[in-house]
Peer 1: 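Below is the structure I would like to discuss, written out as structure tokens.
Letters A, B, ... mirror the listed sequences (proteins, then strands); counts begin at 1. Here the structure is a predicted model, which means the values were calculated and not measured.
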Number of protein chains: 2
Amino acid sequence: MTTTHRPPTLEDVARAAGVSRATASRVIAGTGYASAAARERVTVAADLLGYAPNPAARALVRGTGVRLVVAVTGTAPTVLDDPYVHRVLGACARVCAPYGLGVALHWLPTRAPGEVRRLAEDRSVGGIILINTTETVLDAVPVGLRGRVASIGIGSALVPAFDVDNGGGTEAVVRHLYASGRRRIAMVTGPRWLSCAGRSVGAYRRVVRDAALPVRLVPGDFSADRGRAAAREVLARWPDTDAIVGSSDATALGVIDGLRGDGVQVPGDVAVTGFDDIPLAAMTTPALTTATHPVTQIASAAATAVLDGRPVPPATMFPSRLVRRVSG
Amino acid sequence: MTTTHRPPTLEDVARAAGVSRATASRVIAGTGYASAAARERVTVAADLLGYAPNPAARALVRGTGVRLVVAVTGTAPTVLDDPYVHRVLGACARVCAPYGLGVALHWLPTRAPGEVRRLAEDRSVGGIILINTTETVLDAVPVGLRGRVASIGIGSALVPAFDVDNGGGTEAVVRHLYASGRRRIAMVTGPRWLSCAGRSVGAYRRVVRDAALPVRLVPGDFSADRGRAAAREVLARWPDTDAIVGSSDATALGVIDGLRGDGVQVPGDVAVTGFDDIPLAAMTTPALTTATHPVTQIASAAATAVLDGRPVPPATMFPSRLVRRVSG
DNA sequence: CTGAAAGCGCTAACAA
DNA sequence: TTGTTAGCGCTTTCAG
């Protein structure tokens with residue numbers, strides 16, 4: 001007689017432990033009363049059978065959803081191809097694993113901030129992590145989502161924020177540049193619509209103003225291509241620039257490439273710094289001076305907040321540390 | 001009177017369309033008979049109400065699982081931190097989205113190939129994508145998983161394989177090196193336990209042998225650190241080497257860095273090539289000559305195969321194309 | 001071709 | 001403290 005190898009259900013565990021399904025449920029889910037004896041017997045039976053609760057069934061009855069959605073705001077669905085987004089997704093996946101939850105990727109069009117409502121209504125969505133979000137999107141988050149949503153970037157009264165202290169990181173970078181003798185420091189900013197990028201610009205302005213240096217800002221978008229173009233703009237507008245602060249490592253690499261195309265030496269003529277400390281920042285020539293960005297930590301904290309459901313502070317900032325290498 | 005804004009269920013759709021829940025189910029799921037009239041009315045009602053099936057309920061009744069697991073074989077859970085893995089995860093997430101499925105990340109210890117059985121028994125697992133898998137793991141895949149599992153890398157009779165044609169890519173690279181006059185070409189291999197990396201080594205051996213050049217192999221592991229060390233080993237054992245083929249871009253970058261530490265010019269003294277064509281390969285100095293690796297395409301194809309459940313060929317290879325830049 | 005009915009595996013009142 | 005009961009939203013026989 002061949003027994004089909006069927007995964008054990010709660011029913012099996014209950015029977016093996018000699019209790020009712022309800023009691024077994026209470027001890028497995030860790031909710032409600034149960035005598036020490038019952039607890040013991042159920043626990044033993046469960047790991048004897050190798051029991052694991054079926055997340056789908058659980059989600060169905062609790063109305064709790066079965067996946068954590070990473071929702072990325074942007075003008076086109078290509079924002080989902082970004083390595084940064086993938087890293088966040090990976091970190092979320094690791095946090096979700098013990099809960100039996102999956103993760104999903106969703107594009108939130110900048111033009112249609114109401115889209116977030118549809119996500120909230122989807123019963124299979126257990127929680128939402130917002131990335132690169134805007135005030136407009138934040139305003140569209142329904143109150144019913146309270147406690148099941150977090151933002152990596154800016155937050156709101158309803159949505160707790162988790163982010164790198166890019167103001168602090170940028171400040172450290174610019175101060176370092178000043179300390180090493182640079183006096184005409186330009187910056188390639190992040191995208192304007194991304195308010196959290198504004199903190200870096202603010203920090204740059206502050207340091208530069210305090211030192212009575214000129215403010216030299218050129219818009220960027222975190223990409224290398226834009227960095228390359230921006231480098232030329234900077235040189236065209238302010239030929240005596242002796243340092244360029246990139247708002248991402250990709251930007252900085254682009255800047256270096258653009259500069260080199262014009263025969264400018266880095267860091268000899270112009271120092272260049274990045275932000276993020278991607279793994280390759282240490283391997284390029286010249287090795288990139290930058291500031292750290294603990295993406296995994298941040299994403300894990302955000303995901304944990306959503307899954308735990310415990311109250312969290314409205315904003316949690318993760319420190320960014322200067323990494324001195326060769327480029328600046 | 002405030003109506004709680006509850007997402008519509010199939011029941012709601014059925015009522016609105018004036019049919020039974022069963023009929024509504026048939027047309028929504030696209031399975032079983034339904035008159036044109038019924039089909040029409042249900043469809044209209046569904047998108048009038050903005051109905052979306054609840055994946056958890058569906059998974060529960062069909063026993064079909066609610067997430068696609070990306071299972072990475074390796075000696076330590078840190079393999080889950082690899083950007084390559086994250087990219088695969090991202091691609092899978094995009095394929096899963098329309099199915100309402102989530103994705104999950106799982107470490108499959110090299111030492112415990114049987115672990116894959118536990119995954120197979122988990123009712124919440126809808127399918128499995130194997131990464132960096134070994135024959136041992138492949139052998140442990142239970143037959144019950146047929147059609148719900150695919151491998152990125154090597155496959156088996158049970159598990160269809162999806163991979164880059166790294167043999168072809170490597171051949172193109174080595175031929176290019178030869179054509180540009182290099183005659184003493186060394187290679188830093190991928191990890192030995194990863195059999196699909198062997199195809200690159202095979203291709204290298206073949207080209208080199210056909211040209212009557214010496215075989216110079218040094219073991220690597222795809223990492224930049226190992227590349228750096230390997231460069232020195234190569235130089236120590238065969239000082240007249242004039243080209244080094246890296247089996248990944250990270251390796252190549254490490255090799256370049258190691259070479260530079262010894263005052264060797266790239267590509268002047270020694271040409272260096274990579275594999276993967278990561279975005280940054282174009283930005284480094286010197287820009288990296290490499291071969292493409294369509295990771296997203298591969299992962300999407302694998303995920304699609306698992307979710308569709310349609311029969312697929314035992315192995316699907318994706319072409320790798322030479323990208324000539326400066327380093328080699 | 002359609003509807004009634006029976007669950008999928010689990011949790012949450014409610015009694016006992 | 002425990003068991004009984006009633007579903008969560010959906011699919012799927014099985015009769016009509």
Side-chain angles (χ1 to χ4, degrees), chain A residues 4 6-43 45-46 49-67 99-101 121-126 309, chain B residues 4 6-43 45-46 49-67 99-101 121-126 309:
Chain A
T4 321
R6 184 180 53 79
T9 73
L10 189 58
E11 181 72 50
D12 300 328
V13 174
R15 199 178 7 244
V19 299
S20 77
R21 206 169 65 224
T23 301
S25 172
R26 284 184 206 107
V27 357
I28 298 281
T31 166
Y33 302 103
S35 65
R39 200 172 301 265
E40 169 71 9
R41 304 174 58 188
V42 170
T43 314
L49 296 172
Y51 171 75
N54 181 333
R58 187 173 268 186
L60 182 57
V61 64
R62 292 212 276 227
T64 183
V66 85
R67 35 182 201 158
Y99 295 81
L101 290 184
E121 279 182 9
D122 187 331
R123 303 197 76 115
S124 71
V125 172
Chain B
T4 320
R6 187 180 51 78
T9 74
L10 188 59
E11 181 72 49
D12 299 328
V13 174
R15 196 175 11 239
V19 301
S20 75
R21 206 168 62 222
T23 301
S25 173
R26 285 185 205 106
V27 356
I28 297 282
T31 164
Y33 302 102
S35 64
R39 201 172 301 266
E40 169 71 8
R41 305 175 57 190
V42 170
T43 314
L49 295 173
Y51 171 76
N54 180 334
R58 186 173 268 187
L60 182 58
V61 64
R62 293 213 275 226
T64 183
V66 85
R67 32 179 207 161
Y99 295 82
L101 291 183
E121 280 182 7
D122 187 330
R123 302 197 79 114
S124 71
V125 172

Peer 1: Just to confirm, is there a sub-4.0 Å distance from OP1 or OP2 of D:dG3 to any side-chain nitrogen or oxygen of A:Ser20?
Peer 2: yes

Peer 1: Would you say B:Thr23 places a side-chain N or O within less than 4.0 Å of OP1 or OP2 belonging to C:dT2?
Peer 2: no

Peer 1: Atom CZ of B:Arg26 to atom C1' of C:dA4: distance rounded to whole Å?
Peer 2: 11 Å

Peer 1: Out of curiosity, B:Arg58 CZ to A:Leu60 CG, how far, rounded to the nearest 0.5 Å?
Peer 2: 13.0 Å

Peer 1: Within this structure, what is the CG-to-P distance between B:Leu10 and D:dT12, rounded to whole angstrom?
Peer 2: 12 Å

Peer 1: Can you check the B:Asn54 CG to D:dG7 P distance for me, whole Å?
Peer 2: 18 Å

Peer 1: First locate atom CZ of A:Arg67, then atom CG of A:Asp122, and finally report the distance between them rounded to the nearest 0.5 Å.
Peer 2: 5.0 Å

Peer 1: Which part of the nucleic acid does B:Ser25 contact within heavy-atom distance under 4.0 Å: base, sugar-phosphate only, or nothing?
Peer 2: base

Peer 1: Give B:Ala59 one of three labels, base, sugar-phosphate or nothing, depending on what nucleic acid heavy atoms sit under 4.0 Å from its own.
Peer 2: nothing

Peer 1: In terms of side-chain heavy atoms of B:Ala22, which of C:dA5, D:dT1, D:dC10 is nearest?
Peer 2: C:dA5

Peer 1: Check the distance between D:dT12's C1' and B:Arg62's CZ and give it to me in whole angstrom.
Peer 2: 11 Å

Peer 1: Classify B:Ala56 by what it touches in the nucleic acid, base, sugar-phosphate, or nothing, heavy-atom distance under 4.0 Å.
Peer 2: nothing

Peer 1: To the nearest 0.5 Å, how far apart are CD in A:Glu11 and OG in A:Ser20?
Peer 2: 9.5 Å

Peer 1: Take atom CZ of B:Arg41 and atom C1' of C:dC1, then tell me their distance rounded to the nearest Å.
Peer 2: 14 Å

Peer 1: Which residue lies toward the 5' end of DNA chain D, B:Ile28 or A:Ala34, if each is placed at its nearest nucleotide?
Peer 2: A:Ala34

Peer 1: Over how many whole Å does the gap from B:Leu60 atom CG to C:dT11 atom P extend?
Peer 2: 12 Å

Peer 1: Between C1' on C:dG9 and CG on A:Leu49, what's the gap in Å once rounded to a whole number?
Peer 2: 15 Å

Peer 1: Would you say B:Arg123's side chain and A:Asn54's backbone share a donor-acceptor pair under 3.5 angstrom?
Peer 2: no

Peer 1: At less than 4.0 Å, is any side-chain N or O atom of A:Arg58 found next to OP1 or OP2 of C:dC10? Yes or no.
Peer 2: no

Peer 1: Could you check which of C:dG3, D:dG9, C:dG9 has an atom nearest any side-chain atom of A:Ala57?
Peer 2: C:dG9

Peer 1: Can you check the B:Glu40 CD to C:dC1 P distance for me, whole Å?
Peer 2: 16 Å

Peer 1: Want to settle it: does A:Arg21 or A:Tyr33 sit nearer the 5' end of DNA chain D, counting the closest nucleotide to each?
Peer 2: A:Tyr33

Peer 1: Do side-chain atoms of B:Arg41 reach the backbone of B:Ala17 as a donor and acceptor pair under 3.5 angstrom?
Peer 2: yes

